[in-house]
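Following: one structure in structure tokens, then a few remarks.
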Amino acid sequence: MHSLQSPSRNSQTRARGAAPRLLSPRVIITKVQATVRRIFSISKTKDPRRRKPTNDTFDEWVAVGHHSKEFDAWVNFSCHSGELHGKRDFGRCSRPAAIEKLPNEVLLEVFDTLRHLTLKSPSSSSVPWQWHRLTHVCRRWRSLIFASPHLLDLRLVYTYQKPVRKTLDLWPPLPVAICYPRLTPIRSLAPQDEENVIAALKHPTRVCEINLNMTRSLLSKSSPLMRVSFPELEHLRLRSQDAMRPLFLPTTFLAGSAPRLRDIHLDRTAYPTLPLLLLSTPDLVSLCLDEIPSAGYFPPEALVNGLSGATQLKSMKIHFLPPTSRPEHINSPLPPQNRILFPNLTELHFSGCGEFLEDLVSRMRAPALKQFNTTLFEQPTFEIPQLCQFIDLTEALRSPHQTSIRLSDDDISIIHEFQSPSVPSTTATTATPTSTLPPPSPPPYKFRLQLACDDLDRQTSMLVHVCQQLSSLLSNVERLDVEASPLLFIWRNPDETDAFQWLELFRQFKGVKKLDVSGTLVPSIAGALERVIGSGNDGLGGNSSAVQDLLPALCDLHLSGSTSTSSSLSIKPFLAARERSGNPISVYWGVDDDV
């Protein structure tokens, strides 16, 4: 048990001869930091003076002076300055140190900040918030921490090699977290770990988190215990141990009610009645359904209706296993007239058939969406009118400034990147004397559409067809990147691609100023540009108006990955025609080699 020594002799002398000096919040936090660092220090040496402090997360907090107005008011009191030293004296100290004069509110804010920064650290998944160490400092800290279980998010985390039955009754009745997240195909939970899980599930009113790599044995043992409601459950993460056998959850799972659920993550799990459970989760923030088997199918209408009350939902991920993401006997209903609003949804990820996606987005409106990734399984045609309308209703995803098109041997990807809205900076007149942790850089706004297709001729025609449907998004694109996998032309000549398809694709990008073509597509696109100034009897418009209509705003053309003479000669007539029309184009081969 750690305790604190009294201030140094010099500081005591100064205190007797002069008025007490006010300590700034930064100084007080530094002293608290020194104490907590010694608490969390781990060293084999027995000499406290030789211990090397750990680089804990308080350093970052102190460096930026994180404190609030209330914090400034709390610490604006008189106390003596002095050095703090850790000492193992089993709770005894000769004089109270300056840190012991800190009000409870200040200590609680320090503890809470440590909790937040610990959870944000890279090792938070393996090293949870270890509040129990602070309870061993002194009786006051222990009483203060146990009196604030909700503020400090106190919970008993039971995981590998931690027997519940031996330790659960030793602590106050705090929430219980069951965490067995390791996913190893060749090694399942040990028998004692399964007994540990069963013992914890016998306290349904206290379980706040379930994170299990479920085996068939554990499922059969735990199913009777999980047919009741878990009123305190906030995080549910289940996955099947066997990659070839999905996990099946019965209709009676959780008794169809989990009112405090905030995070649901099911991996390789069939749970057809999930939409009924979602009706009881108004506080849901994240829904992630990975590798949904065909037996776990649910209609899009039921899913959206189940989430209609989850106004705090921020992230949704729906990934079906191919190829049967949607039963063929179910017909797509007509689009509903009223869409359900998800005001806080910022991330949407989907993988499945196009019909499911069309039905899903036709029932939703997500004005705050920032990340939209969708992968559609291979099908004869890709008709996406509802997807286009859904994007048109999303303000942040209407006008991409950059588009990337990538062709591989089995799919094509269209990636739109958007400029993040500018955040007004804080001026000096409105700035407060306090400062906060710098906000993390916002993720880029992005829409990604991936289409499964392994035929090159179909890829180019499909690409044109989809971009024509997305034409309202492409008018303001200023940069276009086109690249292909090196394996795409391993069995055929790039010159065999249809030039007409490439020209039709480029006609959708009226505002592109920079075109970057890389890889094996350079000869194909160079040949397509040569056809623009052709004889005119091939339907490609071999005249000056056709030259101006094709990429009219283009200024820079970057061609990398190919330095063949034929490609260079192919584009020269097109460049000459553009120069004669008063709209010259600068061409760069590789790294800024102007020609």
Side-chain angles (χ1 to χ4, degrees), residues 178-190 193-194 197-198 201 207 209-227 230 233 235-256 258 261 263-279 281 284 286-304 306-307 315-330 348-357 359-360 373-378 450 452:
I178 307 173
C179 296
Y180 291 85
R182 298 176 190 169
L183 182 59
T184 54
I186 61 175
R187 181 180 179 183
S188 58
L189 292 180
D193 289 328
E194 290 192 359
V197 172
I198 298 302
L201 290 176
V207 175
E209 178 179 355
I210 300 177
N211 189 347
L212 288 176
N213 184 26
M214 191 72 76
T215 62
R216 298 181 64 184
S217 171
L218 181 58
L219 179 61
S220 61
K221 295 177 182 178
S222 61
S223 291
L225 299 174
M226 303 188 72
R227 293 177 182 176
F230 283 65
L233 185 62
H235 304 277
L236 175 64
R237 299 192 175 193
L238 298 177
R239 65 200 64 83
S240 175
Q241 168 75 22
D242 190 346
M244 303 304 296
R245 295 182 179 179
L247 181 66
F248 290 90
L249 298 182
T251 307
T252 57
F253 181 69
L254 298 181
L261 258 180
D263 175 29
I264 299 178
H265 189 161
L266 303 179
D267 193 351
R268 294 197 298 272
T269 301
Y271 188 18
T273 57
L274 173 65
L276 297 178
L277 177 68
L278 296 177
L279 289 171
T281 59
L284 191 66
S286 174
L287 174 64
C288 180
L289 307 177
D290 260 328
E291 299 186 11
I292 307 172
S294 57
Y297 173 82
F298 41 79
E301 180 181 7
L303 177 63
V304 176
L307 293 171
S315 175
M316 179 166 61
K317 180 180 180 181
I318 310 295
H319 280 203
F320 287 97
L321 284 174
T324 57
S325 67
R326 184 181 189 279
E328 298 180 357
H329 63 275
I330 296 182
L348 178 58
H349 305 266
F350 175 82
S351 178
C353 70
E355 292 181 356
F356 190 102
L357 177 64
D359 194 353
L360 179 69
N373 297 321
T374 179
T375 300
L376 302 183
F377 298 152
E378 187 167 4
Q450 183 174 348

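Hydrogens, waters and symmetry mates are skipped; everything else that's a heavy atom, side chains included, is used.
Put simply, the side chain of R239 gets close to the backbone of L212: a donor and an acceptor are under 3.5 Å apart. Under the 3.5 Å distance criterion, the side-chain polar atoms of T269 are matched with a main-chain donor or acceptor of D267.
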side-chain contact (heavy atoms from CB on, under 4.5 Å) between L249 and L254, intermediate numbers included: CA-CA 10 Å; L249 298 182; L254 298 181; over 6 Å; no
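In this structure the side chain of Q241 never reaches within 4.5 angstrom of the side chain of L218, judged on heavy atoms. T281 is not listed as a side-chain neighbour of L287, based on a closest heavy-atom distance of 4.5 Å or more. Inter-residue side-chain proximity for D359 and V304 is flagged as unmet; no heavy-atom pair is nearer than 4.5 Å. Side-chain contact between F298 and L278: absent, with no pair of heavy atoms (C-beta onward) separated by less than 4.5 Å.
Between A270 and A295, the shortest heavy-atom distance links the atoms CB-C, 4.1 Å. The two atoms that bring P293 and R268 nearest to each other are CD-C, 4.4 Å, heavy atoms only. The shortest heavy-atom contact between R227 and A255 is O-CB, 3.4 Å. Nearest heavy atom pair, residue H319 against residue H349, reads NE2-CB, 4.0 Å. Summarising the geometry of A258 relative to L277, their closest heavy-atom pair is N-CD1, 3.9 Å, with the distance given to 0.1 Å. In this structure, P250 and Y271 approach most closely via the heavy-atom pair O-CE1, 3.7 Å.
Among residues two or more places apart in sequence or in another chain, the ring-ring contact (aromatic ring centres under 6.0 Å, His included) test is passed with F230 by none. By the side chain to side chain contact (heavy atoms under 4.5 Å, CB included) test, D263 is found to be paired with H235, R237, S286, residues two or more places apart in sequence or in another chain being considered. Scored by the side chain to side chain contact (heavy atoms under 4.5 Å, CB included) test, T251 finds T273 as partners (sequence neighbours excluded). A302 is linked by a side chain to side chain contact (heavy atoms under 4.5 Å, CB included) to P275, P299, counting only residues two or more places apart in sequence or in another chain. Residues satisfying the side chain to side chain contact (heavy atoms under 4.5 Å, CB included) test with T375, not counting sequence neighbours, are S351, R448, Q450.
For the atom pair CG (L303) and CG (L274), the distance works out to 7.0 Å, reported to the nearest 0.5 Å. Remark: T374 OG1 to L357 CG distance equals 4.5 Å, nearest 0.5 Å. Interatomic distance, CD1 of I178 versus CG of L236, reported as 10.5 Å (0.5 Å rounding). Remark: L238 CG to M214 CE distance equals 5.0 Å, nearest 0.5 Å. The OG atom of S222 lies 8.0 Å from the CZ atom of F253; values are rounded to the nearest 0.5 Å. For the atom pair CG of N213 and CG of L247, the computed distance is 10.0 Å after rounding to the nearest 0.5 Å.
By the 30° and 60° cut-offs, the orientation of the rings of F320 relative to F350 is perpendicular.
Here salt bridge (Lys or Arg N to Asp or Glu O under 4.0 Å) pairs that include residues 213-223, with residues two or more places apart or in two chains, are E194-K221.
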